[in-house]
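Predicted model, so just to flag it, every value in this text is computed and none were measured.
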Amino acid sequence: MATDFIREIVEEDLHAGRYSTVVTRFPPEPNGYLHIGHAKSICLNFGIANEYGGHCNLRFDDTNPTKEEAEYAEAIKRDVTWLGFSWGEHLYHASDYFEQLYRWAEDLIRAEKAYVDGLTADEIRAFRGTLTEAGKESPHRNRSVDENLDLFRRMRAGEFPDGTYVLRAKIDMASPNINMRDPVLYRIRHETHHRTGDAWDIYPMYDYAHPLSDAIESITHSLCTLEFEDHRPLYDWLIENVPVPAHPHQYEFARLNLNYTVVSKRKLLRLVEDGHVRGWDDPRMPTIAGLRRRGYTPASIRNFADRVGVAKRENVIDVALLEFSVREDLNQIARRVMAVLEPLRVVIENYPEGETEWFDTPNNPEDPSAGSRSVPFSRVLYIERDDFMEEPPKKFFRLAPGREVRLRSSYFITCTGVSKDAGGNIVELRATYDPATRGGDAPDGRKPKATLHWVSAEHAIDCEVRLYDRLFRSENPEESGDFFADLNPDSLKIIADAKLEPSVRGAAAMMRFQFERVGYFCVDPESTSERLVFNRTATLKDTWAKIAKN
RNA sequence: UGGGAGGUCGUUCAACGGUAGGACAGCGGGCUCUGGACCCGCGAAUCGGGGUUCGAAUCCCUGCCUCCCAGCCA
């Protein structure tokens, strides 16, 4: 059953026998990293191909040598693969078709449907007219076929400098659709292309290369975003006027927008180049690489893409939905572990000095097959500073003087005293434990109101934890002219000495954990065997935090 | 003011002439050795005005609002 209007079209086409198999394509330009918006398109294109038994091509739209680099192409392949999709044998490049595209351009010239124009870029703009006024025809519009052919061949041969000539389609300078006012098909660029090297001095425009590349690859459904809707008449014109082997159709859907986020390539590039983030894969970036490093799972991104749906209406998705999607997945698969981010020492005064007990605790209560592990308990522990209040307000159920709480999987403890430094800051808590509650349950059935996570001081390993918050302060950072002014100064907070239970020692890069009661964390690739570094993927919902805020 | 597209809970997707539904967010409750998760519940929408029809979010007319287009970018 179709779940969106594009799948409805695909089903109808298949049902009507217009195509025997569905072929889609994901056509990134290798001039930047893929972001969450691309993920939507990837999931759509590869998803449809998978669902209807067709295939999806990965095609690099590398028609502009001035902006494109092989490094980006590699990153794109890595990201698509990581998301869980495969193009199989179908890896293509628009640049693979340059020769065919060139021959078709000559065909167009011979059919008097294209001409070489010598107007300057400024003149072409001036001749194009405006949104409300028709354009004027170029004085070169009616060159002879022979002259056009000669000029076009010499353009290819590199005889002319950049900008002197372009090849234009001869359509209609009075069209209300500006894209049909003799659009430029080829321009001269004396530039080295990352794949074709110096073989070409002319390069096709997107509007020319895209539909014809689709046709060459027998694409059935060419899916793109709304801003190309106006280009569809040109797409169709080319398919009709060039002897292509197939007749693909273009369909448009609304791009993904996320609040508190920018996803324009240009702006992401500036964030990287101006050093506002540490790179394309900075965990605060909405790039696939950034989300990966942040600890997002491929499944969570795919689920997110399914949830946001596909339609033509402009939309701004709440980042909370993205966060929900990771939590949902990580809750099922992430191993639980205890870590204390802001340590507060607790001395259990009636616990024997030098003794250690090991307690069994589940690795994932949501998944019994994940098994369990042992955590060491001793006389001196760390608990979270937030988990203690000397004068607890009404709904604060955690530790306070005289109050008993459970330490997860070990014992009930009661706070018996508070030590402060000269400045009045709490430096240590004193407590007693109840030996009868060994393992975490009281024989008399009493239930503490809170269960805290903890780490044995003697056994704890130190680690670095990077806490991320949204990169921008306002919902729509694009709205204000200077989006840099909207950067959140607290988007990264580094905790240099968090305390971790010893079972995590040696965790490999990219391993994901839930720090119980704190959030989901992922081992950063910068981690070493001596020093673990974690990125916070997402917080756990903390009801108390919400109460405290109000 | 030319052309193209779009207006449904706060957000998003659905309902394809027959009870406007789901998800996220919010609020309330239950349960819990994570104040997590989970479970239950609540509030919440068809852009306006006409018309067709037994019946309209859906069809027609009209008005309004929003987005996109004047790169030799994609």
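Residue pairs meeting the salt bridge (charged side-chain N to carboxylate O under 4.0 Å, His left out) criterion with at least one partner in residues 115-129 of chain A, sequence neighbours excluded, are A:Asp117-A:Arg168, A:Asp122-A:Arg125. Within the structure, the ring-ring contact (aromatic ring centres under 6.0 Å, His included) test picks out the following pairs touching residues 434-455 of chain A (sequence neighbours left out): A:Phe377-A:Trp454. Identified under the salt bridge (charged side-chain N to carboxylate O under 4.0 Å, His left out) test for residues 185-195 of chain A, with sequence neighbours left out: A:Asp96-A:Arg195.
In this structure, the CD atom of A:Gln332 is 16 Å from the P atom of B:rU34, given to the nearest Å.
For A:Glu8, there are no salt bridge (Lys or Arg N to Asp or Glu O under 4.0 Å) partners two or more places apart in sequence or in a different chain. With sequence neighbours left out, the side-chain contact (heavy atoms from CB on, under 4.5 Å) criterion links A:Arg385 to A:Glu342, A:Leu344, A:Ile426. Qualifying ring-ring contact (aromatic ring centres under 6.0 Å, His included) partners for A:Tyr208, counting only residues two or more places apart in sequence or in other chains: A:Tyr186. In terms of the ring-ring contact (aromatic ring centres under 6.0 Å, His included) criterion, residue partners of A:Tyr251 (sequence neighbours excluded) are, by chain and number, A:His221.
Side-chain contact check for A:Val405 versus A:Phe412: every heavy-atom pair is 4.5 Å or farther apart.
The residue A:Phe359 sits apart from the nucleic acid: no heavy atom pair falls under 4.0 Å. Within the 4.0 angstrom heavy-atom criterion, base atoms lie near A:Asn331.
Of the residues in residues 24-31 of chain A, those placing a heavy atom less than 4.0 Å from an atom of RNA chain B are A:Glu29, in numerical order.
Where RNA chain B pairs in unbroken runs of 3 or more (Watson-Crick or G-U, both distances under 3.5 Å), the stems are B:2-7 with B:64-69, B:10-13 with B:21-24, B:26-30 with B:38-42, B:47-51 with B:59-63.
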I'd like a table of atom pairs between the protein and nucleotides 63-72 of chain B - only N or O on both sides, under 3.5 Å - with the distance next to each one.
from   : atom 1 : to       : atom 2 : distance (Å)
B:rC67 : O2'    : A:Glu314 : OE2    : 2.8
B:rA70 : O2'    : A:Arg128 : NE     : 3.2
B:rG71 : OP2    : A:Arg125 : NE     : 3.1
B:rG71 : OP2    : A:Arg128 : NH2    : 3.3
B:rC72 : OP1    : A:Arg128 : NH2    : 3.2
B:rC72 : OP2    : A:Arg128 : NH1    : 3.1
B:rC72 : N4     : A:Leu119 : O      : 3.0
B:rC72 : N4     : A:Ala121 : N      : 3.1
B:rC72 : N4     : A:Gly163 : O      : 3.1

Mind listing the N/O atom pairs, protein and nucleotides 23-27 of chain B, below 3.5 Å?
from   : atom 1 : to       : atom 2 : distance (Å)
B:rA25 : OP1    : A:Lys541 : NZ     : 2.9
B:rC27 : OP2    : A:Lys546 : NZ     : 3.2

Please tabulate, for side-chain N and O atoms in residues 537-548 of chain A, each donor-acceptor pair with protein atoms closer than 3.5 Å (sequence neighbours left out).
from     : atom 1 : to       : atom 2 : distance (Å)
A:Thr537 : OG1    : A:Arg294 : O      : 2.6
A:Asp542 : OD1    : A:Trp544 : N      : 2.9
A:Asp542 : OD1    : A:Ala545 : N      : 3.2

